[in-house]
Amino acid sequence: MKLIEQALEIFAADNAGAIDASTETEVERTRDPRHGHYASNIAMRLAKPLGQPPRQVAESIIERLPESELVESIEIAGPGFINFHLSSQAFHRELGGIIDRGSHYGSSSHGAGHKVLLEYVSANPTGPLHVGHGRHAAYGDSVARILKATGFEVLTEYYVNDAGRQMDILTLSVWLRMLEGAGADIPFPSGAYRGQYVRELASDATESLDPSSTAIPDELFHDLPSDDTDSDAHLDQLIERARACLGETAFLAILDTALQSILADIREDLAEFGVCPDEWFSERSLDDRQSIHKALKLLKKGGMTYERDGAVWFRATNFGDEKDRVVVRENGRTTYFASDIAYHLHKRERGFETLIDVLGADHHGYVARVRAGLEAMGEPRESLEVQLVQFVVLYRGGRKVQMSTRSGDFVTLRQLRDEVGNDAARLFFVLRSNEQHLDFDLDLAKARSNENPVYYIQYAHARVCSVLRELEVRGYTWDSGVAQDSLDRLTEDQERTLMQQLTRFPETLDAASRQRAPQHVAHYLREVAQNFHMYYNAHRFIVEDGDLRNARVMLALATRQVLRNGLSLLGVDAPESM
RNA sequence: GCGCCCGUAGCUCAGUUGGAUAGAGUGGCUGGCUACGAACCAGCAGGUCGGGAGUUCGAAUCUCUCCGGGCGCGCCA
């Protein structure tokens with residue numbers, strides 16, 4: 001396969017005088033087996049610059065190709081495709097490679113140690129993760145695994161938004177529930193967090209805190225902006241009064257208790273889902289290490305900021321953003337945006353060449369301004385790559401399930417995992433492109449219907465294991481030497497198809513890596529499973545003929561290996577039986 | 001209004017960055033276990049790739065335009 005590319009490059013070099021040397025040589029897998037195993041469109045691409053008909057170009061290319069025992073025949077087809085038919089020897093060799101390389105089969109060093117920081121989930125620590133976060137986690141984790149398998153050096157990171165207004169609102173919510181717990185009858189603000197978990201946090205906090213924290217202040221709700229007409233001002237006033245009533249120390253104590261409790265829950269939830277970020281990066285720590293200050297200074301030094309209306313603005317429009325952005329508010333506090341460019345600068349300073357952010361699709365407007373920030377600080381804008389993950393829409397009983405974090409009316413990742421299992425959830429989440437909306441039918445998933453492809457793939461794996469168990473029961477052993485020498489006995493259609501399919505794993509993995517597209521792996525595994533099931537139904541592995549038996553079992557073993565390797569990239573188990 | 005994303009079989013979606021006759025699952029219909037696991041397999045039916053124009057040897061894929069849907073456009077995070 002590489003041989004062909006090499007030969008084409010030689011040809012291109014030979015004609016360098018006549019053609020544009022930059023013309024890319026392309027050799028790809030064919031879709032239709034009648035077109036051989038590999039095909040190249042090189043002749044058609046060169047036809048114009050060479051001023052010759054494509055088929056004639058193809059002929060002169062073929063004449064110069066070196067002989068190889070791996071290539072059975074070469075032909076010109078259609079408008080000028082060069083089709084290569086590989087010898088079965090080529091596939092036999094590859095099959096042996098699958099067995100030899102084992103869990104490493106498919107992996108490559110294409111990434112060449114390129115350092116990547118992949119940030120994902122980064123849900124505000126104001127409540128449990130919901131199903132949308134689950135999709136982010138499954139996607140991000142699979143991409144990280146795929147990148148690692150293809151030679152990238154990857155660090156995964158969860159950005160903890162533990163600073164700012166959201167945390168204040170959470171603290172207020174908990175405190176109000178504490179007051180309720182102490183017997184107060186108070187109107188709960190519409191903008192506060194009303195999930196059940198807030199009550200649990202409240203009762204925990206009540207136990208660990210000074211009892212005076214739950215003394216009910218008479219004036220708490222007097223003269224507030226209306227919750228109906230200005231819920232934001234209403235909330236901010238309440239937060240201020242809470243701070244005053246409690247004192248900063250007690251307020252922060254509640255905040256910290258709630259934060260730690262929620263983070264612990266998120267961490268456990270993700271770990272059970274097979275997702276373990278290497279780093280949990282605290283937004284507050286940016287402040288501690290003066291990162292925001294430093295980033296702002298950098299911008300100012302470059303003349304990228306100006307003052308207006310008492311606030312400090314960043315000239316984002318100079319870098320392609322649609323409007324300038326505030327970095328320091330009139331009240332002196334820095335904005336979330338300021339933290340974020342500081343955070344991304346800090347990522348670069350940690351030595352990562354590529355920063356991949358896995359973000360919710362609703363953050364797309366955000367990409368341009370962070371890129372602008374990076375560029376203004378002297379970092380290449382291409383260093384930030386954003387993968388947007390579209391929303392998950394849940395269906396229950398054929399109807400859309402409405403979700404809102406604040407109202408507490410949402411399905412948590414934990415609930416989903418309990419209902420459908422980790423494997424089904426993880427596969428389901430990466431089965432379609434991240435930029436595609438995902439309809440998740442809870443009833444269907446709950447029913448453990450075999451409509452879910454996870455069972456189909458796992459079943460193929462379990463079937464191989466079952467064959468091996470039966471092999472042993474019948475007193476046979478598998479001999480790798482005999483098997484390798486007998487591979488030419490595999491002449492059935494299903495055997496050829498499966499064998500060829502297995503050898504596509506490395507290139508599938510590579511495509512998934514380049515495109516950050518785990519769904520390629522998922523769909524590929526489905527096809528492998530399908531080819532195996534077809535084979536299984538048509539022929540038997542455990543036959544009298546020892547050579548044939550060994551060869552067939554080898555094919556089964558290779559299938560199992562590829563399924564395992566693929567599933568592990570997706571964080572899905574490969575069960576021996578089910 | 002401006003910007004980004006999406007539109008492929010009745011439904012849910014793939015389509016390896018421009019390749020040859022557009023593929024799966026599911027639903028519908030017809031068949032297959034005295035078998036190494038039937039959570040499986042074989043077969044039938046199902047399409048103006050949202051509409052139109054362009055680019056070229058070649059378009060679901062790239063460009064433009066219209067239609068339809070989602071999201072964003074704060075001194076919120």
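When reading the values below, keep in mind they use all heavy atoms of this one structure, side chains included, and skip hydrogens, waters and symmetry mates. So you know, we letter chains A, B, ... as the sequences are listed, proteins then strands, and number each from 1.
- Taking the side chain to side chain contact (heavy atoms under 4.5 Å, CB included) definition, one finds that A:T317 meets it with A:D324, sequence neighbours left out.
- By the 30° and 60° cut-offs, the orientation of the rings of A:H133 relative to A:H136 is perpendicular.
- Among the heavy atoms of the strands, none lies under 4.0 Å from A:H461.
- Taking the six-membered ring for Trp and thresholds of 30 and 60 degrees, A:Y535 and A:F532 have ring planes more than 60 degrees apart, a perpendicular arrangement.
- Nucleotide B:C71: paired with B:G3 (Watson-Crick or G-U wobble, both distances less than 3.5 Å).
- At the heavy-atom level, A:A311 lies under 4.0 Å from base atoms of the strands shown.
- Residue-to-nucleotide proximity on RNA chain B shows that, of A:R474 and A:Q390, the 5′-proximal contact is made by A:Q390.
- Rounded to whole Å, the distance from CZ on A:F391 to C1' on B:C71 is 6 Å.
- Remark: A:R489 engages A:D545 in a salt bridge (charged side-chain N to carboxylate O under 4.0 Å, His left out) (not counting sequence neighbours).
- Nucleotides B:U55 and B:U8, compared at atom C1', are 22 Å apart to the nearest Å.
- Evaluation of the salt bridge (charged side-chain N to carboxylate O under 4.0 Å, His left out) rule for A:R552 yields A:E495 as partners, not counting sequence neighbours.
- Among the heavy atoms of the strands lying under 4.0 Å from A:A163 are primed sugar atoms or P, OP1, OP2 only; no base atom is included.
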Base versus backbone protein contacts along nucleotides 12-17 of chain B [heavy-atom cut-off under 4.0 Å; B, S, -]:
SSSSB-

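- In this structure A:R540 satisfies the salt bridge (charged side-chain N to carboxylate O under 4.0 Å, His left out) test with no other residue, sequence neighbours excluded.
- Shown here, B:U21 is classed anti by the O4'-C1'-N9-C4 or O4'-C1'-N1-C2 angle, which is more than 90° from 0.
- For the P atoms, the distance from B:U16 to B:C11 is 23 Å, rounded to whole Å.
- With sequence neighbours left out, A:Y159 forms a ring pair (Phe, Tyr, Trp, His ring centres under 6.0 Å) with A:Y343.
- Remark: P of B:C41 and CE of A:M534 are 9 Å apart, rounded to the nearest angstrom.
- On the P atoms, B:C64 is 11 Å away from B:C5, given to the nearest whole Å.
- The nearest whole Å value for the distance from the OH atom in A:Y455 to the C1' atom in B:A39 is 9 Å.
- Residue A:R463 places at least one side-chain N or O under 4.0 Å from the OP1 or OP2 atom of B:A38.
- Here B:U56 sits opposite no nucleotide as a Watson-Crick or G-U wobble pair (both hydrogen-bonding atom distances under 3.5 Å).
- Using the Watson-Crick or G-U wobble rule with both distances under 3.5 Å, B:A42 pairs with B:U30.
- Separation of the P atoms belonging to B:A22 and B:A45 is 15 Å when rounded to the nearest angstrom.
- Taking a 4.0 Å limit (strictly below) on heavy-atom distances, residues 317-331 of chain A reaches RNA chain B at A:E322, A:K323, A:V326, A:R329, A:E330.
- Stacking is found between A:Y536 and the pyrimidine-like six-membered ring of the B:C36 base under the 5.5 Å centre-distance and 30° plane-angle cut-offs.
- Each of A:H364 and A:A529 has a nearest nucleotide on RNA chain B; the 5'-most of these lies closest to A:H364.
- Cation-pi geometry between A:R549 and A:Y476 is met: the NZ or CZ atom falls under 6.0 Å from the ring centre, inside 45° of the normal.
- Comparing the same atom, P, in B:G15 and in B:A24 gives a spacing of 15 Å after rounding to whole Å.
- Put simply, A:R540 has a side-chain N or O that comes within less than 4.0 Å of OP1 or OP2 on B:C36.
- Remark: B:U17 base-pairs with no nucleotide in the shown strands. Criterion, Watson-Crick or G-U wobble with two distances under 3.5 Å.
- Base pairing of B:C11: its partner is B:G25, meeting the Watson-Crick or G-U wobble criterion (both donor-acceptor distances under 3.5 Å).
- The partner of B:C76 is absent, by the rule that a Watson-Crick or G-U pair needs both atom distances under 3.5 Å.
- At a threshold of 4.0 angstrom between heavy atoms, the contacts of A:D362 are confined to the sugar-phosphate backbone, with no base atom among them.
- Comparing B:A24, B:C40, B:A77 against the side chain of A:H533 picks out B:C40 as the nearest.
- The residue A:E527 sits apart from the nucleic acid: no heavy atom pair falls under 4.0 Å.
- Taking the six-membered ring where the residue is Trp, A:Y158 and A:W280 present parallel rings, their angle staying beneath 30° rather than reaching 60°.
- Pairs of residues two or more places apart, or lying in two chains, that qualify as side chain to side chain donor-acceptor pair (under 3.5 Å) and include a residue from residues 517-527 of chain A are A:Q501-A:E527, A:Q515-A:H520.
- With B:A77, B:C36, B:C6 as the choices, the nucleotide that has an atom nearest any side-chain atom of A:Y366 turns out to be B:A77.
- Contact annotation: A:Q494 side-chain N/O to B:C41 OP1/OP2 distance is not under 4.0 Å.
- Here A:D309 lies in heavy-atom contact (under 4.0 Å) with a base.
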Distance-only donor-acceptor pairs under 3.5 Å for side chains of residues 309-316 of chain A, two or more places apart:
| unit_1 | atom_1 | unit_2 | atom_2 | d |
| --- | --- | --- | --- | --- |
| A:W313 | NE1 | A:R308 | O | 3.2 |
| A:R315 | NE | A:G303 | O | 3.3 |

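- Across B:G18 and B:U12, the matching C1' atoms stand 27 Å from one another, rounded to whole Å.
- Across all strands shown, A:R333 has no heavy atoms under 4.0 Å from either base or sugar-phosphate atoms.
- A salt bridge does not link A:R514 to A:E385: none of the charged nitrogens lies less than 4.0 Å from a carboxylate oxygen.
- To the nearest whole angstrom, the two C1' atoms, one in B:G23 and one in B:G69, are 25 Å apart.
- At a threshold of 4.0 angstrom between heavy atoms, the contacts of A:M167 with the nucleic acid are absent.
- In this structure, the nucleotide among B:G32, B:C36, B:G37 sitting nearest to the side chain of A:N537 is B:G32.
- Annotation: B:C57 and B:G52 have their C1' atoms spaced 24 Å apart (nearest Å).
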